[in-house]
2 protein chains.
Amino acid sequence: MDRMDPILIFKALSNETRLRILSWLKEPEKHFPVHEGGDGLSLGVCVSHIQEKAGLSQSTVSHYLLLLQRAGLVEAARRGQWTYYRRNERTLRELAAFIGEQV
Amino acid sequence: MDRMDPILIFKALSNETRLRILSWLKEPEKHFPVHEGGDGLSLGVCVSHIQEKAGLSQSTVSHYLLLLQRAGLVEAARRGQWTYYRRNERTLRELAAFIGEQV
DNA sequence: TTGACCTATCGAGGTTTTTCGATACAATGG
DNA sequence: CCATTGTATCGAAAAACCTCGATAGGTCAA
């Protein structure tokens, strides 16, 4: 039940690519090919698909996804050699509430 | 009618002090003494009051306020030797909408 | 076991942010 | 005009961030 850290979240969102990744993950089927492994796209999208679309190096994208994860904006699921990332809608709702009430 | 720049906004919010300034300005009368000049607090709060509460150097706070202003999160009003800063609620509403819809 | 593949981590460069003190600019009061 | 006060800008040092290539670790197929 770890509490939301607004600074970490805002830092994660302070980058064009990370913002785009997050919005791509809103409708994965619209932006990524279906992956053979994970049940459709419910698990999320694997790093290589995200990397390809982002057009940055593999290490950078992996790092970005870690930042998004530490901010609680995405969740990761390891399946075999793949790591699937998907949005964490709860944090995004909390963020909207935070902006409406605290900021 | 300059359009909101989410990156600029998120960068401005990625700092504890700037976040606190913004929240202080939500209820100025609760956090700042009334200033002799500006009509009550409708104009906003002057830099020195904000600086005192923030506990950082004058130049840093002035810089922070400029960052918040460039992000459209606050507005400035010059009156004599004072500059009063107040929140720009419109941008904050737009930000909440952006998070709900785009992110 | 070996090789291929996916992802994470390391190390490093260049850039940006943070924060300060010093200084410049503007307005006010003698 | 001068001194004072409030604010903005400049220049600089330290820290953090961005991004890469290289490499390490885990997994699968042959």
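Contact annotation: B:Thr60 reaches the phosphate of C:dC20 (side-chain N/O to OP1 or OP2, under 4.0 Å). For the OP1/OP2 pair of D:dT7 and a distance below 4.0 Å, the side-chain nitrogens and oxygens of B:Ser48 include at least one atom meeting the criterion. Phosphate proximity of C:dC6 to A:Arg78: absent, as no side-chain N or O sits under 4.0 Å from OP1 or OP2. Applying the 4.0 Å criterion to OP1 and OP2 of C:dC6, one finds that A:Tyr84 has every side-chain N and O outside that range. Side-chain N/O atoms of A:Asn15 include none lying less than 4.0 angstrom from OP1 or OP2 on D:dC17. Remark: A:Thr83 is in phosphate contact with C:dA8, judged by side-chain N or O atoms under 4.0 Å from OP1 or OP2.
Donor-acceptor pairing under 3.5 Å, judged by distance alone, is present between the side chain of A:Ser59 and the base of D:dG21. Contact of A:Gln81 with C:dC5 (side chain to base): a donor-acceptor pair of N or O atoms is detected under 3.5 Å.
The side chain of B:Tyr85 lies closest to D:dA8 when the candidates are D:dC18, D:dT7, D:dA8. Relative to the side chain of B:Lys11, the nucleotides D:dT9, C:dT17, C:dC20 differ in distance, and C:dT17 lies closest. Of the candidates D:dC20, C:dC6, C:dG21, the closest approach to any side-chain atom of A:Trp82 belongs to C:dC6. In this structure, of D:dT9, C:dG21, D:dA8, it is D:dT9 that holds the atom nearest to the side chain of B:Leu66.
A donor-acceptor contact shorter than 3.5 Å links the side chain of A:Arg87 to the backbone of A:Leu22. Between the side chain of A:Lys26 and the backbone N or O of B:Glu101 there is at least one donor-acceptor pair closer than 3.5 Å. A:Arg90 contributes no side-chain N or O that, together with a main-chain N or O of A:Gly72, makes up a donor-acceptor pair within less than 3.5 Å.
Across every non-hydrogen atom of B:Arg78 and B:Gly80, the tightest pair is NE-O, 3.7 Å.
Following rounding to the nearest Å, A:Arg79 (CZ) and D:dG26 (P) show an atom-to-atom distance of 18 Å.
Across all strands shown, A:Ser62 has heavy atoms under 4.0 Å from base atoms, whether or not it also approaches the sugar-phosphate.
Ring orientation note: the planes of B:Trp24 and B:Phe32 are nearly perpendicular, at an angle over 60° on the 30°/60° scale.
Comparing A:Gln58 and A:His63 by the nucleotide of DNA chain D whose heavy atom lies nearest to each, the residue mapping closer to the 5' end is A:His63.
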